[in-house]
Asks: 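Take a look at this one; I'll ask things after.
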Amino acid sequence: MVKKILSGLNRRKVKVFSLFLLCSFLAWFISNLSDTYESRSNFILNFRNLPDTLLLGKHSEEQIEVKMRTSGFQFLYYNFFKKRINIDVSDVKYQNGNYVLDEDELKKQIDQQLSQNISLLDLDRRLLTVDLYQVEARKVPIRANLSLQLEQNHILEGNLQIEPDSVMIKGPSAEIDTIKELWTAPIQLNNVSTDFTTEALLNFPKGLENSVFSESRVTVNGKVAKFSEKVFDVPVRMINFPEGFQVKTFPSTVTVLCKAGVNRLKEITAADFEVVADYAQLQGTGNNTLFLKIINSPERVYDVKLQETTVNFVMEQL
């Protein structure tokens, strides 16, 4: 019994002693972390603000090592969490066939992104070589590869709207010189009776490994309206007939079928159309039948069609 009690007391002493050692170590560790140190840390590089005529290659440096003076707490943070540094290359210099940023510029940019209680002492290099290459920039229009099936008696009102309507391409001239336009991926819309908006990816040509595009997708918008049709009686106007003759056509008016939105049709009158019969088309053949042509019609209509395509005429000398 006595032995068990003594054994329990010894175990308690060991636990208390172990706890004492742990607390002592933590106190020493925390005390040392608050001291100032000089040490090195690695930073991942993010290149920003590339000039319009340059692109970043695949062999640029990914990180830089810096020597700093700060507290142990800060070094602990930088050792456990990789810090990212933005490098502005808008003022990059071209030296001996390479694009470089000098030590002073690097220190200034890095120092601006460090905490106030950190002193930047040194870098692992005097020049940072950035893998950049010359490119050209071109702006090309975007076309919608749209297959649109409208419900009966509905029309697409106006043109499709694509946002953005163009894309900026940056790349070697040999890659981008032949690109005149870009198309979207195929879009299929069925049984459409209302205005629509849809997103679509751009379909990039092959062989553009060194080119970049300002956009990868666009929005395609279209306005859809219900249409009706109306027939107008329009007088036939004779043109290019010889002077000194009176001309009569049979019939003197023809019917024009116009398809447009219901509200638009209410605004249209026969005076908005002009139908002509041109005597010059006979070229002296002596025929008395002329083909008709619509030379003026109202805007914002779906379709305009002549119901009669020819007229006969007689000429009487005055």
Side-chain angles (χ1 to χ4, degrees), residues 39-68 77-115 118-143 162-185 199-219:
S39 185
R40 294 185 176 273
S41 184
N42 288 322
F43 291 85
I44 298 175
L45 301 178
N46 290 332
F47 295 102
R48 296 287 185 268
N49 299 327
L50 273 70
D52 289 339
T53 58
L54 296 174
L55 274 183
L56 187 66
K58 299 178 181 179
H59 305 293
S60 291
E61 295 288 342
E62 296 182 351
Q63 63 182 22
I64 190 170
E65 185 182 81
V66 303
K67 184 178 180 181
M68 302 180 296
Y77 169 79
Y78 282 117
N79 286 330
F80 277 97
F81 304 97
K82 288 188 175 180
K83 183 72 173 177
R84 292 183 177 271
I85 289 290
N86 293 327
I87 300 298
D88 187 332
V89 295
S90 58
D91 293 326
V92 69
K93 298 176 182 177
Y94 189 71
Q95 294 181 0
N96 301 322
N98 295 311
Y99 293 95
V100 299
L101 289 170
D102 60 33
E103 183 180 17
D104 290 340
E105 179 64 24
L106 283 172
K107 282 185 174 181
K108 182 181 72 173
Q109 291 195 33
I110 295 174
D111 193 46
Q112 290 173 346
Q113 299 175 65
L114 296 177
S115 302
I118 299 177
S119 299
L120 178 61
L121 302 178
D122 198 10
L123 304 176
D124 66 350
R125 68 198 69 195
R126 297 292 171 259
L127 283 177
L128 175 64
T129 301
V130 187
D131 183 21
L132 298 172
Y133 58 94
Q134 286 280 346
V135 296
E136 292 185 2
R138 294 188 62 199
K139 189 176 184 180
V140 298
I142 298 172
R143 310 297 183 198
I162 304 175
E163 300 175 1
D165 62 359
S166 58
V167 60
M168 185 65 72
I169 310 175
K170 291 171 60 176
S173 58
E175 285 189 5
I176 69 174
D177 275 354
T178 58
I179 301 176
K180 307 301 180 185
E181 59 188 10
L182 282 180
W183 288 83
T184 67
E199 283 194 347
L201 293 172
L202 291 179
N203 193 10
F204 298 117
K206 295 181 179 179
L208 301 178
E209 290 82 4
N210 300 306
S211 299
V212 295
F213 300 81
S214 62
E215 306 291 339
S216 61
R217 63 175 63 234
V218 295
T219 301

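Atoms considered below: every heavy atom in the structure, side chains included; atoms not considered: hydrogens, waters and symmetry mates. The structure displayed is predicted, hence computed values, not measured ones.
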Asks: Report the C-alpha separation of E65 and R125 in whole Å, then their side-chain angles, then the decisive distance to 0.1 Å, and conclude whether the salt bridge (charged side-chain N to carboxylate O under 4.0 Å, His left out) test is met.
Replies: CA-CA 8 Å; E65 185 182 81; R125 68 198 69 195; over 6 Å; no
Asks: Less than 4.5 Å apart, any side-chain heavy atom of V218 and any of L202?
Replies: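 Result yes, sub-4.5 Å side-chain heavy-atom pair found.
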Asks: State, to 0.1 Å, how close Q113 and N86 come at their nearest heavy-atom pair, and which atoms those are.
Replies: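 Smallest interatomic distance, heavy atoms only, reads NE2-O, 2.8 Å.
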Asks: Going by heavy atoms in the side chains, are Q134 and Y99 under 4.5 Å from each other?
Replies: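 Answer yes - side chains close enough.
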Asks: Within a strict 4.5 Å, meaning less than it, do heavy atoms of the L182 and P205 side chains meet?
Replies: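 Contact flag for L182/P205 side chains = yes.
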Asks: So, do L56 and L50 sit near enough that their side-chain heavy atoms are less than 4.5 Å apart?
Replies: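 When only atoms from C-beta onward are counted, L50 and L56 do touch, with a gap below 4.5 Å.
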Asks: Are any side-chain N or O atoms of R138 and backbone N or O atoms of I179, one a donor and one an acceptor, separated by less than 3.5 Å?
Replies: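 Looks like yes, one N/O pair under 3.5 Å.
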Asks: Check side chain to side chain donor-acceptor pair (under 3.5 Å) between N96 and all other residues, then give those that pass, not counting sequence neighbours.
Replies: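 In terms of side chain to side chain donor-acceptor pair (under 3.5 Å), with neighbours along the sequence ignored, N96 is linked to no residue.
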Asks: Does the pair D102/K93 count as a salt bridge with the N-to-O cut at 4.0 Å?
Replies: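 Salt bridge present between D102 and K93.
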Asks: Taking atom types as modelled, find out whether E105 and Q109 have a side-chain donor-acceptor pair closer than 3.5 angstrom.
Replies: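 Yes, because at least one side-chain N or O of E105 sits under 3.5 Å from a partner of the opposite role on Q109.
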Asks: Counting C-beta onward and ignoring hydrogens, is there a side-chain heavy-atom pair between L123 and K107 closer than 4.5 Å?
Replies: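 They are in side-chain contact.
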Asks: Please find the pair of heavy atoms, one from D91 and one from L101, that lie closest to each other, and give the distance.
Replies: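 Closest approach of D91 to L101, heavy atoms only: O-CD2, 4.3 Å.
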Asks: What pair of heavy atoms forms the shortest contact from S60 to F47, and how long is it?
Replies: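 Heavy atoms only, the tightest pair is CB-CE1, 3.9 Å.
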Asks: Dump the intermediate steps for side chain to side chain donor-acceptor pair (under 3.5 Å) on S211 and E175, then the final yes or no.
Replies: CA-CA 7 Å; S211 299; E175 285 189 5; 2.6 Å; yes
